[in-house]
K.L.:
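Structure incoming, see below.
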Amino acid sequence: MSELTLTVMRLGFLAVLWLFVIVAVQVIRSDLFGTRVTQRGSSRRGGEARPQGRQQASPPAPRQQSGGGRQRRGAPSKLVVSEGTLTGTTVALQGQTITLGRAHDSTIVLDDDYASSRHARIYPDRDGQWIVEDLGSTNGTYLDRTRLTTPTPVPLGAPIRIGKTVIELRK
Amino acid sequence: MSSTTHTSTIGAIGAPSRRNTELALLVFAVVIPCFAYANVGLAMTGEMPTGMLGYGVGLGLLAAVGHLVVRKFAPYADPLLLPLATLLNGLGLVLIWRLDQSERLQQLQKNAFGAFNPAAPNQLMYSALGIALFVAVMLVMKDHRILQRFTYISMVVALMLLLLPLVPGLGTDQFGAKIWIRIGGFSIQPGEFAKIVIAVFFAGYLMVKRDALALASRRFLGLYLPRGRDLGPILVIWAMSLLILVFENDLGTSLLFFGMFVIMLYVATERTSWIVIGLGMSVAGAVAVATFASHVQARVDAWLDPFGCYATSGACEQIGQSIMAFGSGGVLGTGLGQGHSDLIGFAANADFIFATIGEELGLAGVMAFLLLYALLIERGVRTALAARDPFGKLFAVGLSGAFALQIFVVAGGVMGLIPLTGMTMPFLAAGGSSVIANWALVGLLIRISDTARRPAPAPAPNPDAEMTQVVRP
């Protein structure tokens with residue numbers, strides 16, 4: 001057998017061996033599994049109870065406005081669940097609407113028999129002030145001790161009670 | 001004004017089954033040894049080897065059986081474990097066959113035993129037995145948590161397996177270590193199986209006791225020292241492994257057992273102090289034994305200066321030849337079948353098989369092999385991370401830790417990094433017990449990874465469908 005053939009085979013074998021290693025590493029790379037973040041299509045929310053819906057045609061606009069509002073000192077930066085089964089859960093406030101309810105597509109899915117599927121939502125208004133609104137729930141939403149009837153601004157640290165769950169806005 | 005954008009859901013990505021990836025890799029893993037086989041044949045005799053078809057078909061059949069069983073009984077298992085084990089086993093077969101062709105080794109065996117007995121066919125048979133055990137693990141054990149019930153039974157079984165070679169009439173003293181037993185013409189190395197069984201005990205025991213071991217501790221010099229009574233188990237294991245060392249002259253197994261316990265203890269408790277204590281104890285034990293046991297003393301001498309006693313001691317000559325094999329291999333090696341690693345003589349195809357890789361495939365080949373092992377271990381540790389139950393986590397870590405330690409101990413010993421201990425390179429080295437036990441080990445890891453990666457069972461009933469309860473004051 002010629003020297004050349006053997007040299008080619010020797011190098012070829014090493015190359016094939018390393019190719020296997022590289023392919024195996026590629027498999028590992030494609031095998032990383034964990035969590036996936038998917039953007040929710042806006043069409044899914046179209047049918048929901050949303051009285052004053054979306055007059056804004058362009059999505060980035062409200063974000064910019066609320067973003068401007070967020071710059072104020074003393075604006076809340078997170079929402080904290082302080083009582084109930086979800087105690088300790090926090091959600092960062094970034095100008096998005098937070099929906100609360102037992103429905104599995106709510107931002108905070110309440111595991112609470114006294115909560116409705118779509119119970120309430122919390123959203124920033126034009127000035128970046130956070131507003132809580134009851135979405136026609138069975139047992140009502142309470143801010144401090146008063147039952148909400150209209151969208152109401154939420155002061156920092158005021159307890160919002162939904163069934164057995166209490167949430168508040170914090171800095 | 002509400003903004004409805006920037007709402008996103010976070011959901012788990014279901015791990016896909018990946019069986020087809022496994023199949024593709026398996027085909028690759030069977031083709032590479034065939035290539036190596038042809039390479040050896042062409043280099044040594046100048047023509048394609050005659051037995052090539054048999055080996056290729058044999059290895060392919062074994063891989064196919066393994067794959068079909070995994071596809072049927074562990075559909076979500078890790079896609080890399082089986083191909084990696086198959087590739088290592090296949091290349092081991094080729095290397096053993098290559099060393100069988102060496103006239104020097106044939107002559108050596110004729111002088112010692114009267115006849116030459118090729119090791120490769122036996123190794124193929126043992127691989128088949130290993131696959132059979134692998135299949136048995138898949139079929140019998142539907143859930144690894146069954147093993148949890150046998151925590152203390154497995155301790156007793158492991159101790160019995162370890163003590164078997166000391167039973168007069170059953171144990172045989174070969175090559176200076178009493179680690180074999182002989183039953184009906186077969187010599188078995190019970191320590192290889194004890195490795196797996198003891199991992200069951202450690203995992204079951206630590207799962208129950210880890211809180212006591214982790215939390216009840218005093219802080220001293222920046223280390224968390226456990227209470228005296230919690231030190232009990234580690235002391236017992238330490239004493240046990242030292243006893244093995246003294247009575248069976250088996251440095252490797254005792255190191256393996258103690259190291260595995262320390263690894264699992266560390267994983268269970270997250271206390272660095274266990275590592276420090278474990279390292280201290282193993283150093284103390286090793287020094288003590290090295291000064292008293294002549295067998296270990298000779299190994300240490302051979303490690304410290306292999307060329308000083310090259311002409312006088314067989315152990316030194318082996319290590320010296322092994323180091324020379326690695327050296328003459330260089331970066332790219334001499335090519336399969338063109339080295340002189342058979343000069344190592346005795347155990348060239350067992351403990352010293354890594355030297356053949358070093359000489360004929362060079363540094364590049366050695367690195368590739370070490371990476372193949374590392375990938376196997378990484379998949380084991382990844383399985384432990386993904387496992388949902390503490391027993392499975394500890395068990396998978398223990399098995400991969402034992403595997404890693406064994407490779408470190410053997411490769412380090414052959415390369416002259418640490419004293420040689422006389423263990424087998426998993427899957428590569430000739431030796432029935434080792435191949436069979438390691439296939440069982442891979443089977444267990446595949447079973448755990450199947451459980452760990454299986455998508456969660458049916459989701460809870462939709463909460464939207466339930467009626468809201470009305471508060472009645």
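Every chain is numbered from 1 and lettered A, B, ... according to where its sequence line falls, protein lines coming before strand lines.
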K.L.:
Give, as side chain, backbone, both or neither, the part of A:Leu11 having an atom under 4.5 angstrom from any heavy atom of chain B.
P.N.:
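Contact with chain B involves the side chain of A:Leu11 alone.
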
K.L.:
Kindly indicate, with the supporting measurements, whether the criterion side-chain contact (heavy atoms from CB on, under 4.5 Å) is fulfilled by A:Arg10 and B:Leu336.
P.N.:
CA-CA 7 Å; A:Arg10 170 171 68 117; B:Leu336 282 170; over 6 Å; no

K.L.:
With a 4.5 angstrom heavy-atom cut-off, is it the side chain or the backbone of B:Leu80 that approaches chain A, or both, or neither?
P.N.:
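Contact with chain A: side chain only.
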
K.L.:
Between chain B and each of A:Thr138, A:Asp112, A:Val16, count heavy-atom pairs under 4.5 Å; write down the option with the most.
P.N.:
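Heavy-atom pairs under 4.5 Å are most numerous for A:Val16.
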
K.L.:
Could you check which of B:Leu361, B:Leu84, B:Asp78 has the highest count of heavy-atom pairs closer than 4.5 Å to chain A?
P.N.:
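Max contact count across the listed options: B:Leu361.
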
K.L.:
Which distance, rounded to the nearest 0.5 Å, do you find between the CG of B:Leu332 and the CZ of A:Phe13?
P.N.:
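That separation rounds to 13.5 Å.
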
K.L.:
How about B:Arg382 and A:Ile28: do any of their side-chain heavy atoms sit closer than 4.5 Å?
P.N.:
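Answer no - side chains too far apart.
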
K.L.:
Is the number of heavy atoms from other residues, nucleotides or ligands under 6.0 Å of A:Arg145 CZ greater than 12?
P.N.:
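Counting other residues, nucleotides and ligands, CZ of A:Arg145 stays at 12 neighbours or fewer.
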
K.L.:
Where on A:Ala24 is there a heavy atom nearer than 4.5 Å to chain B: the side chain, the backbone, both, or neither?
P.N.:
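For A:Ala24, backbone and side chain are both near chain B.
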
K.L.:
Measure the shortest side-chain to side-chain distance between A:Val27 and B:Arg18 over non-hydrogen atoms and say whether it is less than 4.5 angstrom.
P.N.:
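Yes. Closest side-chain heavy atoms under 4.5 Å.
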
K.L.:
Heavy-atom distance under 4.5 Å to chain A: side chain of B:Leu371, backbone, both or neither?
P.N.:
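It is the side chain, since no backbone atom gets that close.
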
K.L.:
Could you give the side-chain donor-acceptor pairs of residues 24-34 of chain B under 3.5 Å, partners two or more places apart or in another chain?
P.N.:
none

K.L.:
Checking B:Thr334 against chain A: side chain, backbone, both or neither under 4.5 Å from a heavy atom?
P.N.:
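Backbone only.
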
K.L.:
For B:Ala368 and A:Leu17, which heavy atoms make the closest approach, and how far apart are they?
P.N.:
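That closest heavy-atom pairing would be CB-CD2, 3.8 Å.
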
K.L.:
Look only at the side chain of A:Trp18 and the backbone of B:Ala364, and say whether a donor-acceptor pair between them is shorter than 3.5 Å.
P.N.:
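Yes: the side chain of A:Trp18 pairs with the backbone of B:Ala364.
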
K.L.:
With respect to chain B, which residue among A:Leu19, A:Thr7, A:Asp111 yields the maximal number of heavy-atom pairs within a distance under 4.5 Å?
P.N.:
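Most heavy-atom pairs within the cutoff with chain B belong to A:Leu19.
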
K.L.:
State the CD-CD distance between B:Gln338 and A:Glu3, to the nearest 0.5 angstrom.
P.N.:
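Reported to 0.5 Å precision, the distance equals 7.0 Å.
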
